[in-house]
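Since the model is a prediction, treat every value here as computed from it, not as a measurement. Quick note: residue numbers are just sequence positions, from 1. Start at 1 and go down the list; that is how both ligands and their atoms are numbered.
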Amino acid sequence: MKHLLFIIAALLSFAVFEGCNSSQVEKESRSPGEIAFRSNCQRCHILPKPSMKSDEQWPAIVSKYGDKANLTITDQKQILAYLIANN
Ligand code: HEC
């Protein structure tokens with residue numbers, strides 16, 4: 001019986017540890033939108049800041065320069081989501 005409790009406790013603490021671990025990774029890792037933004041939007045100029053334009057202005061800008069940079073619609077959507085989320 002003691003043995004079983006020990007195993008349960010070990011499993012629980014592992015689950016808690018894993019939980020902390022994965023949320024930390026989430027915080028530190030970059031979203032697909034941020035990665036696409038950083039790799040594509042500083043090819044021709046310095047990286048614009050999300051606060052440079054309003055949420056209403058970004059869609060037209062991302063599609064204009066996204067087309068110039070030959071980005072897919074998926075990339076453009078992810079970049080736009082990143083800009084608006086960080087504006
Ligand atoms: C092919 C080169 C090129 C790429 C790639 C590019 N830009 Fe630009 N960007 C320009 C040029 C050139 C200008 C100067 C204004 C103009 O002539 O359109 C500019 C200007 C801007 C401006 C200021 C324009 C304004 O109306 O105030 C913003 C904001 C901007 N780019 C955002 C982006 C974003 C976001 C991306 C990534 C999706 C991007 N750019 C990728 C060439 C590029």
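The side-chain heavy atoms of S31 and F37, taken from C-beta on, include no pair separated by under 4.5 Å.
For the side-chain hydrogen bond (donor to acceptor under 3.5 Å, both in side chains) condition, the pairs that include at least one residue of residues 60-71, sequence neighbours left out, are D67-Q76.
Going from atom NZ of K77 over to atom CG of L71 covers 14.0 Å, rounded to the nearest 0.5 Å. Between the CD1 atom of I84 and the NZ atom of K53 there is a distance of 14.0 Å, given to the nearest 0.5 Å. Expressed to the nearest 0.5 Å, how far CG of L83 lies from OG of S51 amounts to 10.0 Å.
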Between ligand 1 and the protein, which N/O pairs are shorter than 3.5 Å?
unit_1	atom_1	unit_2	atom_2	d
ligand 1	7 (N)	H45	NE2	2.8
ligand 1	9 (N)	H45	NE2	2.8
ligand 1	18 (O)	K64	NZ	3.3
ligand 1	18 (O)	Y65	OH	2.7
ligand 1	27 (O)	K53	NZ	2.7
ligand 1	31 (N)	H45	NE2	2.9
ligand 1	40 (N)	H45	NE2	2.9

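A donor-acceptor pair under 3.5 Å is absent between the side-chain atoms of W58 and the main chain of I79, judged by distance alone.
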